[in-house]
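All ligand and atom numbering here is 1-based and tracks the order in the structure. Note that the numbering runs from 1 along the sequence shown for the chain.
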Amino acid sequence: MDLLVVGSGFFGLTIAERAAAAGRKVTVIDRRPHIGGNAYSEAESQTGIEVHRYGAHLFHTSNPTVWEYVNRFTTFTNYVHRVYTTHKGVVFPMPVNLGTINQFFQAAYTPDQARALVREQAGEFDVKTAQNFEEKGIALVGRPLFEAFFRDYTAKQWQTDPHKLSGDIVSRLPVRYTYDNRYFNDTWEGLPTDGYTAWLERMADHDNIEVKLGVDYFDASQPLNKSATVGQVPVVYTGPVDRYFDYAEGALSWRTLDFEQEVLDTADFQGTSVMNYPDLDVPYTRIHEFKHFHPERKDIFNGDKTVIMREFSRFANRDDEPYYPVNTPADRDGLLAYRELAKGENDVHFGGRLGTYQYLDMHMAIGSALSMWRNQFSGESD
Ligand code: FDA
């Protein structure tokens, strides 16, 4: 073996694929029973509908290198992501745009009129002196829109009163003064035609790659554990950086999600793939209805059942799946301390969202793995 990759998410598989293509023998281990990390998806058994087990994943990128690379393993559908939100029993388009504003104020404002209205409403607080998330949010979009679409939704995501949330969690809130309600602004967008898992499996399908599932890097009874491999073989580690150092500098904090999946005896539950619920009287933040991600799969799409998933958000405990970095000042200090420790490790390369404690979209995880490969392994540079 020339390289050990810990974690079979997009970061780990991109490194493994590049290394294998360059003739190196790679072993990939993952503690889960399946490959793919959080992008993994599977067919729901009653309906055949593809379900994203760790939350909805939409691929989008404006990076030509990443786009060219991912197209080696999959084609993409022409799916365009749009999100709606149900506030006080009425459905509005998201992100907040001219359509949302005019529906909310029962008006027909032009872009300039809407901008002037929001500016006037936002004058209640100054962004520079805002004391917390609530004041900052009002300073950005004005009280009416903030309270309807951002305040309680964010409070539910963080399980924290908006007065107590730091203003640092937002630098801007998305408002568009056109009717464009495409969720992403990237050059390319779509879903893998035959699913995420087929794409991920193709990345790992190489004679030089061996994948071992159900193997935890910190389980001393496994041959490929940390103390048996560090210093013996180059390691790319994509698990949580604090876990690697046994939490020596404290645990970094994360938010996690709980998912409640249900098969319903109806052909179409909500008419769209994602509906947000920004009000406090609804405990979940969103409902995903997976068949709407693939309307082109006609037989499955037209079936008389559907699969929905309600999403609940909360702070993660150590045993929960870490999803979104909380990034408090203490977390930032801890991360710096872990980066220092990482420099002292012998040929261990930390990458991916867990290894760097950063939220990374899939295209970012793939792009940063391609850079790591070029800069730290291939002998080429950017
Ligand atoms: P990832 O977490 O996928 O993989 C890490 C792997 O390491 C896991 O398989 C884990 O089991 C393994 N591992 C950890 N510790 C280990 C140990 N001790 N031993 C062995 N293995 C270990 N992106 C996007 O572009 N569009 C989207 O719509 C979304 N949506 C989305 C929703 C939600 C809820 C989340 C949390 C994330 C997204 N993402 C996303 C981001 C996407 O999930 C992310 O870019 C990839 O998961 C990053 O891949 P990584 O390989 O970095 O981590």
Provide, to 0.1 Å, the distance between [atom] and the closest protein heavy atom, together with that atom's residue and name.
| atom | value |
| --- | --- |
| atom 4 (O) of ligand 1 | Gly9 CA, 3.5 Å |
| atom 18 (N) of ligand 1 | Asp216 OD1, 3.0 Å |
| atom 7 (O) of ligand 1 | Gly7 CA, 3.2 Å |
| atom 51 (O) of ligand 1 | Phe11 N, 3.0 Å |
| atom 26 (N) of ligand 1 | Leu58 O, 2.8 Å |
| atom 21 (N) of ligand 1 | Arg31 N, 3.2 Å |
| atom 19 (N) of ligand 1 | Tyr217 N, 3.0 Å |
| atom 43 (O) of ligand 1 | His57 NE2, 2.7 Å |

Task: Minimum heavy-atom distance between Ala19 and Leu3, given as atom pair plus value - done: CB-CD2, 3.8 Å
Is any N or O atom of [X], backbone or side chain, closer than 3.5 Å to an N or O atom of ligand 1?
| X | value |
| --- | --- |
| Gly55 | no |
| Leu257 | no |
| Ala56 | yes |
| Tyr323 | no |
| Leu360 | yes |
| Asp30 | yes |
| Tyr237 | no |

Task: Output field: ring centroids His288/Phe293 closer than 6.0 Å - done: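 Centroid distance His288-Phe293: not below 6.0 Å, so no.
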Open item on the list: Centre-to-centre under 6.0 Å for Tyr324 and Trp158, is that the case here?
Closed with: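 No, they do not, as the ring centres are separated by 6.0 Å or more.
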Pairwise distance [atom1]([X]) to [atom2]([Y]) - rounded to 0.5 angstrom:
| X | Y | atom1 | atom2 | result |
| --- | --- | --- | --- | --- |
| Gln157 | Arg314 | CD | CZ | 14.5 Å |
| Arg151 | Lys156 | CZ | NZ | 12.0 Å |
| Asp216 | Arg31 | CG | CZ | 6.0 Å |
| Asp205 | Phe73 | CG | CZ | 10.5 Å |
| His87 | Tyr153 | NE2 | OH | 14.5 Å |
| Ile308 | Arg286 | CD1 | CZ | 14.5 Å |

Ligand-side contact atoms (ligand 1) for residue partner [X], heavy atom cut-off under 4.0 Å:
| X | value |
| --- | --- |
| Arg32 | 9 (O), 11 (O) |
| Gly352 | 52 (O) |
| Val215 | 19 (N), 20 (C) |
| Gly37 | 3 (O), 4 (O), 8 (C), 9 (O) |
| Phe218 | 18 (N) |
| Gly239 | 14 (C), 15 (N) |
| Thr238 | 5 (C), 7 (O) |

Open item on the list: Is it the case that atom CD in Glu68 sees more than 12 heavy atoms from other parts of the structure closer than 6.0 Å?
Closed with: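 Yes, the 6.0 Å shell around CD holds more than 12 heavy atoms from other groups.
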Does the side chain of [X] come under 3.5 Å of the side chain of [Y] through a donor N or O and an acceptor N or O?
| X | Y | value |
| --- | --- | --- |
| Tyr79 | Ser273 | yes |
| Gln270 | Tyr84 | no |
| Asn63 | Thr61 | no |
| Asp331 | Tyr357 | yes |

Task: Phe350, Phe11, Phe10 screened by side-chain contact (heavy atoms from CB on, under 4.5 Å) with Thr238, the one that passes - done: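 The residue from Phe350, Phe11, Phe10 that satisfies side-chain contact (heavy atoms from CB on, under 4.5 Å) with Thr238 turns out to be Phe11.
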Task: Ile35 contact mode with ligand 1 (heavy-atom cut-off under 4.0 Å) - done: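 Neither; nothing of Ile35 gets under 4.0 Å from ligand 1.
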Open item on the list: What I want to find out is whether Glu50 reaches Lys291 closely enough, with some N-O distance under 4.0 Å, to be called a salt bridge.
Closed with: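 Answer for the salt bridge query: no.
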- [ ] Nearest heavy atom to atom 29 (C) of ligand 1 wins, so pick from Tyr183, Tyr359, Tyr54.
- [x]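 Going through Tyr183, Tyr359, Tyr54 one by one, Tyr359 has the nearest heavy atom to atom 29 (C) of ligand 1.
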- [ ] Can you figure out which of Gln222, Arg353, Gln358 has its heavy atom closest to atom 52 (O) of ligand 1?
- [x]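 The residue whose heavy atom sits nearest atom 52 (O) of ligand 1 is Arg353.
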Is [X] in contact with ligand 1, taking contact as a heavy-atom separation below 4.0 Å?
| X | result |
| --- | --- |
| Tyr324 | yes |
| Leu13 | no |
| Pro240 | yes |
| Phe59 | no |

TODO: Please confirm whether Lys136 makes a cation-pi placement over Phe125, using NZ or CZ under 6.0 Å from the six-membered ring centre and within 45° of the ring normal.
DONE: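 Output no; distance or angle outside limits.
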